[in-house]
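Just follow the structure's listing: the first ligand is 1, and inside any ligand the first atom is 1. Numbering starts at 1 and runs along the sequence shown.
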Amino acid sequence: MNSIIIIGAGLAGYNTAKELRKLNPEIAITIIATDSGRFYSKPMLSNALSAKKEPAAIALNSPEQMAIQLNATVRPHTTVEHIDTATQTLHIGEERLAYSKLVLALGADQIQLPLTGDGAADVFTVNDLDEYTEFRQRIEQKKRIAIIGAGLIGCEFANDLAVAGYQVDLIDLAPQALGRLLPPAGSSHLQEKLSGLGVNFHLGTSVASINNNASGYTVTLANQHTLETDLVLSAVGLKPRTALAAQSGITVNRGIVVNRHLETNAPNVYALGDCAEIEGLVLPYVMPIMNAMRALAQTLNDKHTATVFPAMPVMVKTPACPTIVSPPAAGAVGEWQIEASSEGVKSLFMGADGKLLGYALNGSATAERSKLTPLLPPVLSAL
Ligand SMILES: Cc1cc2nc3c(=O)[nH]c(=O)nc-3n(C[C@H](O)[C@H](O)[C@H](O)COP(=O)(O)OP(=O)(O)OC[C@H]3O[C@@H](n4cnc5c(N)ncnc54)[C@H](O)[C@@H]3O)c2cc1C
């Protein structure tokens with residue numbers, strides 16, 4: 001019997017199941033997840049406070065509701081420990097579960113910094129709804145939050161917490177916020193707007209230690225500056241979850257290695273979402289998932305289909321400074337052309353042939369998104 005098993009109940013796992021069910025009402029689908037299996041939009045986590053959403057209201061559906069909606073078996077709080085790719089069998093404790101096709105939608109882990117001090121173990125990360133629920137409980141009645149990492153997630157949380165009335169310290173080793181996505185002019189604009197909300201930036205330095213004090217924590221920075229806070233949130237980046245695949249003999253590099261058909265080196269095993277490295281690209285965002293899952297659902301339904309990625313701009317949810325980025329491909333040759341005003345910054349990355357290869361739009365410049373996006377090259381073009 002054809003049995004599709006999807007490991008992972010995040011946006012990649014559930015959306016693949018939804019798309020496959022649209023194509024095939026009969027096929028048996030099982031979704032297995034270590035977490036609670038609730039269906040929710042993860043991007044919501046970093047703007048839920050200002051949207052006045054309680055964690056319980058972020059979950060759109062319970063695993064039981066998803067099982068009914070998808071006509072599938074959903075198994076939350078269940079961890080797959082090994083994949084026997086030769087016999088096409090999953091190991092879950094003593095249980096053995098056969099698959100005809102397997103989808104790895106395992107997500108990514110937050111990178112944990114090796115921090116010192118007697119408060120280091122209390123550092124929070126928020127990478128799923130369960131962690132966010134705990135985070136919200138912990139910040140009740142608190143006033144001061146220090147965030148390590150001024151990337152997309154760190155800046156979004158900084159904006160959200162500052163609007164909700166928290167005193168926010170934002171720390172990053174890089175000299176500028178969102179440094180991987182924005183040229184310096186765009187970063188400065190974003191920093192200025194977040195500073196206007198009261199966010200205190202500590203850039204070009206790292207955290208040396210975190211220690212308990214009478215009212216919370218003392219964070220000592222590498223530049224010897226200290227700050228007092230009630231909670232430390234770490235948002236220093238994501239690392240694709242590759243351990244299960246690697247110990248099952250599936251090839252991994254930065255992520256689980258797949259081709260544009262989302263095939264791993266093991267027969268009938270596919271990967272997508274934050275855990276995957278698709279043709280060398282690790283793209284931990286929603287749009288790549290939505291594009292990949294449409295192709296994968298076709299393949300799972302026996303119509304071998306390649307993924308195509310158009311330009312996929314990422315909207316940074318910092319309402320103090322609306323920001324949309326579509327970074328140039330790694331290694332792209334060109335230069336930034338900047339038009340800045342007090343209202344916004346338009347940064348265009350132009351190739352030598354005058355073609356637009358990427359952009360970063362802040363503030364009023366975001367209005368040009370729909371005009372500029374069609375001019376961008378695809379991220380992964382059709383063969
Ligand atoms: C705070 C925050 C804000 C974000 N904002 C944006 C945004 O504005 N725009 C954007 O494009 N992207 C954003 N992202 C990124 C986006 O949310 C992710 O790319 C996407 O949600 C990843 O989905 P996924 O299904 O690949 O992984 P996940 O949602 O992490 O799901 C992984 C699943 O795999 C399961 N799992 C893992 N290992 C096992 C195992 N061995 N056995 C069983 N189950 C297992 C887990 O339990 C989980 O169910 C944001 C991310 C965060 C954290």
* For R96, does the CZ atom sit with more than 12 other heavy atoms under 6.0 Å from it, leaving out its own atoms? -> yes

* To do: Tell me, yes or no, whether the heavy-atom count around E335 atom CD, taken from other residues, nucleotides or ligands under 6.0 Å, exceeds 12.
  => no

* Sequence-distant partners of H91, ring-ring contact (aromatic ring centres under 6.0 Å, His included), two or more places apart ->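 Only H82 meet the ring-ring contact (aromatic ring centres under 6.0 Å, His included) criterion with H91.
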
* T373 and Y359: side chain donor to acceptor below 3.5 Å ->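 Short answer, yes.
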
* With Y14, which residues qualify under side chain to side chain donor-acceptor pair (under 3.5 Å), at least two apart? ->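 If we apply the side chain to side chain donor-acceptor pair (under 3.5 Å) test to Y14, skipping adjacent residues, there are no hits.
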
* Given a cutoff of under 4.5 Å between side-chain heavy atoms of I, L, V, M, F, W and Y, with clusters grown through shared members, what are the other residues clustered with I92? -> I5, I7, I32, V80, I83, L90, L97, Y99, L102, L104, L106, L244, I250, V252, I256, V269

Are there any protein N or O atoms under 3.5 Å from the N or O atoms of ligand 1? List them with distances, or say none.
residue, atom, partner, partner atom, Å
ligand 1, 5 (N), K317, NZ, 2.9
ligand 1, 8 (O), K317, NZ, 2.5
ligand 1, 11 (O), V286, N, 2.8
ligand 1, 19 (O), D274, OD1, 2.7
ligand 1, 19 (O), D274, OD2, 3.4
ligand 1, 19 (O), P284, O, 3.1
ligand 1, 19 (O), Y285, N, 3.4
ligand 1, 25 (O), L11, N, 3.2
ligand 1, 25 (O), A12, N, 2.9
ligand 1, 26 (O), D274, N, 2.9
ligand 1, 29 (O), K42, NZ, 3.3
ligand 1, 30 (O), K42, NZ, 2.9
ligand 1, 34 (O), A105, O, 3.3
ligand 1, 34 (O), L106, O, 3.4
ligand 1, 41 (N), V80, O, 3.1
ligand 1, 42 (N), T34, OG1, 3.4
ligand 1, 42 (N), V80, N, 3.0
ligand 1, 44 (N), T34, N, 3.0
ligand 1, 44 (N), T34, OG1, 3.2
ligand 1, 47 (O), T34, N, 3.3
ligand 1, 47 (O), D35, N, 3.1
ligand 1, 47 (O), D35, OD2, 3.4
ligand 1, 49 (O), A9, N, 3.0
ligand 1, 49 (O), D35, OD1, 3.3
ligand 1, 49 (O), D35, OD2, 2.9

